[in-house]
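One is the number of the first residue; the rest follow in order along the sequence.
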Amino acid sequence: MKPLTDLLKSLKRHELVGSAERDVTEIVFDSRRIAACVAEGGTPLYVAQRGTQTDGHRFIPQVVEAGGRLIVCEDLPGEISPEVTYVKVPDSALALGCLASAFYGEPSRKLKLVGITGTNGKTTTVTLLHRLFTLMGHKTGLLSTIVNRIGDEEVPATHTTPDAVELNSLLARMVDAGCEYCFMEVSSHAICQHRIAGLHFTGAIFSNITHDHLDFHKTFKNYINAKKAFFDKLPKTAFALTNVDDKNGMVMVQNCKARIFTYSLLTAATFKGQVLDDSFRGLQMRINSREVFFKLCGRFNAYNLLAIYGAAVLLGADEDEVLMQMSVLESASGRFQLLYRKDGATAIVDYAHTPDALQNVLETIRETTCKRTEVITVVGCGGDRDRTKRPEMAAIACKYSTRVVLTSDNPRTEEPAEILKEMLAGVPENKKKSLLVIENRREAIKAACMLLPKDGVLLVAGKGHETYQEINHVKHHFDDREEVRHCFEEN
């Protein structure tokens, strides 16, 4: 329970209608939760947000009818109840983040919170940073696409970045559990929707940016600006670590008040890396004059490792200990995950669901195998998402693969056949004879495994760690790794 007067101090601008001398037991942005909270004897603070699907302001009358007496809104309702306290704010989503942080005692200030944003590499980087700092003896929190962790405790993840209330609740639990650090993925959606408002970041990392989420951002410029907004709001005390090999790497830190550091494989940087050898066994690298072997492979992972090393050093860890512990780290679940068949064939399951990510993985496969090695790629595209990347994904798969099997990913509310039709537009004429289109993903993987020769490489791309396939709002159990293992055991 927190006094409303204390919570309102977290808001830069607000207009109060009614008494602030009330206590708050819960912050709620789903109007359906109000009745239950009141029935339990609570005094919920309802925050009316304007969402992409609906407007929370529409439900203010129902909130009042259900017993809600504390309301935050952008527009006051036409009928003002004398029993209700209204807090008018310029932006409800922004206010929600600040209020949630204040309600939970500003937990982000009680540990070292590091966020990473970018199109690719977020999950691998935060997961390995969590493992690294755990190996170095620190109790550490994790907020990722795959799972959230409070020390060793697993908490299921439903979004790349949780909503502001859940986020601060998790951070508060980390503080109570004695966590010193938390590493979190920061999505562009979360930045735009102010889910990270009110948080205090010790550091931020930029990985890279390529076309993605244009269904939400509409233009690539908007997408870049969304990522940049994260760095624009960093305090002077924070560090900003950016990949200068990405053409937008330094754009991210323009106007950034934080201390700026860089990492690179191609040019001079604070943290300079060089790939000496790259194979499925791992990477031999030189980082700032130190030579180390890592269990991860691929040039894209070389960048992830540089970011991890740089962040750990900037957080004050000993450089030699960091490299020693990094040398035992293994890939995050569903990220370039290797599976083997008895005859020598290899399968790789990877979350690559953007053109750039798919190209990175396929280039790594080509660079680490003989040119004559047959590479079969199974790939699809998600429904209700950026449609512009569909033909590009197919074109990239065809360019780097011997054979391609186009299939369904998470079609969501779209017809899989229509998604595949849009992918087919990117298939070059000379590749159509070696192409298969199998809508059923299980059958597509099975067919690819049957076609895979001894010593060949199969890439199953797009879903990685996911254990479901979403069709018309229903999630059906489906795990690419299980499917490949089953096929490999049969052969």
Side-chain angles (χ1 to χ4, degrees), residues 118-123 160 187-189 207-224 226-227 243 245-248 298-300 303 334-336 348-367 375-412 414-439 441 444 448 457-464 466 470 480:
T119 305
N120 302 311
K122 296 189 297 295
T123 301
T160 306
S187 69
S188 56
H189 291 66
S207 59
N208 51 65
I209 191 163
T210 59
H211 284 255
D212 196 19
H213 302 306
L214 298 192
D215 54 307
F216 178 81
H217 297 288
K218 306 305 179 189
T219 69
F220 190 47
K221 184 178 180 182
N222 289 344
Y223 183 37
I224 291 171
K227 300 287 189 186
N243 173 10
D245 290 349
D246 186 285
K247 63 182 180 181
N248 287 295
R299 194 173 182 82
F300 61 96
Y303 281 105
R335 267 63 176 177
F336 213 89
I348 297 164
V349 175
D350 194 89
Y351 188 55
H353 62 286
T354 66
D356 184 65
L358 182 63
Q359 183 170 330
N360 283 339
V361 172
L362 283 167
E363 282 182 342
T364 295
I365 292 170
R366 281 302 183 195
E367 288 167 1
V375 177
I376 301 176
T377 297
V378 176
V379 65
C381 286
D384 303 331
R385 296 294 187 269
D386 182 5
R387 294 172 61 181
T388 63
K389 67 184 181 184
R390 292 172 184 175
E392 192 177 352
M393 292 279 284
I396 288 168
C398 290
K399 180 179 179 180
Y400 294 95
S401 310
T402 313
R403 302 196 70 166
V404 173
V405 182
L406 297 184
T407 190
S408 181
D409 191 282
N410 289 319
R412 300 183 178 90
E414 285 194 67
E415 284 296 325
E418 290 302 309
I419 298 173
L420 289 167
K421 186 177 178 181
E422 292 185 14
M423 292 188 76
L424 278 166
V427 177
E429 196 63 39
N430 66 337
K431 289 286 187 175
K432 289 183 177 177
K433 288 184 179 179
S434 61
L435 180 84
L436 289 176
V437 179
I438 303 175
E439 186 179 307
R441 192 173 180 91
V457 177
L458 167 65
L459 171 63
V460 182
K463 291 174 59 58
E466 291 178 351
E470 187 177 342
D480 285 348

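- Annotation: side chain of F336 is in contact with side chain of I365 (closest heavy-atom distance under 4.5 Å).
- The side chain to side chain contact (heavy atoms under 4.5 Å, CB included) test applied to E470 returns N410, R412, Y468, K475, not counting sequence neighbours.
- Judged as a salt bridge (Lys or Arg N to Asp or Glu O under 4.0 Å), and not counting sequence neighbours, R335 has no contacts.
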Under 3.5 Å, which donor-acceptor pairs do the side chains of residues 432-439 form with other protein atoms, sequence neighbours left out?
from	atom 1	to	atom 2	distance (Å)
K432	NZ	E429	OE1	3.3
S434	OG	K431	O	3.1

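- Looking only at side-chain heavy atoms (C-beta outward), D386 and T354 stay at 4.5 Å or farther from each other.
- Applying the side chain to side chain contact (heavy atoms under 4.5 Å, CB included) test to D409 and every residue at least two apart in sequence or in another chain returns R441, K463.
- Scanning for side chain to side chain contact (heavy atoms under 4.5 Å, CB included) contacts around E363 gives Q359, N360, E367, Y400, with sequence neighbours left out.
- Residues forming a side-chain hydrogen bond (donor to acceptor under 3.5 Å, both in side chains) with S408 (at least two apart in sequence, or on another chain): none.
- One distance of note links SG of C398 with CZ of R403; it measures 11.5 Å at 0.5 Å rounding.
- Applying the ring pair (Phe, Tyr, Trp, His ring centres under 6.0 Å) criterion to Y303, with sequence neighbours excluded, gives no partner residue.
- In terms of heavy-atom proximity, V427 sits nearest to A394 at CG2-CB, 4.1 Å.
- Put simply, OG on S401 and CG on L358 are 7.5 Å apart, with the number rounded to the nearest 0.5 Å.
- Listed by chain and number, the residues in a side-chain hydrogen bond (donor to acceptor under 3.5 Å, both in side chains) with R366 are T402 (sequence neighbours excluded).
- With sequence neighbours left out, D350 forms a salt bridge (Lys or Arg N to Asp or Glu O under 4.0 Å) with no residue at all.
- One distance of note links CD of E418 with CE of M423; it measures 14.0 Å at 0.5 Å rounding.
- Judged by distance alone, the side chain of D246 and the main-chain N or O of I209 form a donor-acceptor pair under 3.5 Å.
- The shortest heavy-atom contact between H353 and A357 is N-CB, 4.4 Å.
- Checked by atom type and distance alone, the side chain of T119 pairs as donor or acceptor with a backbone atom of T210 at under 3.5 Å.
- Among residues two or more places apart in sequence or in another chain, the salt bridge (Lys or Arg N to Asp or Glu O under 4.0 Å) test is passed with E422 by R387, R390.
- A donor-acceptor contact under 3.5 angstrom links the side chains of D356 and N120, judged on distance only.
- By the side-chain hydrogen bond (donor to acceptor under 3.5 Å, both in side chains) test, T407 pairs with no residue at all, sequence neighbours left out.
- Closest heavy-atom contact between I419 and C381: CG2-O, 3.5 Å.
- Annotation: side chain to side chain contact (heavy atoms under 4.5 Å, CB included) contacts of A448 (sequence neighbours excluded): I376, V378, V405, L458.
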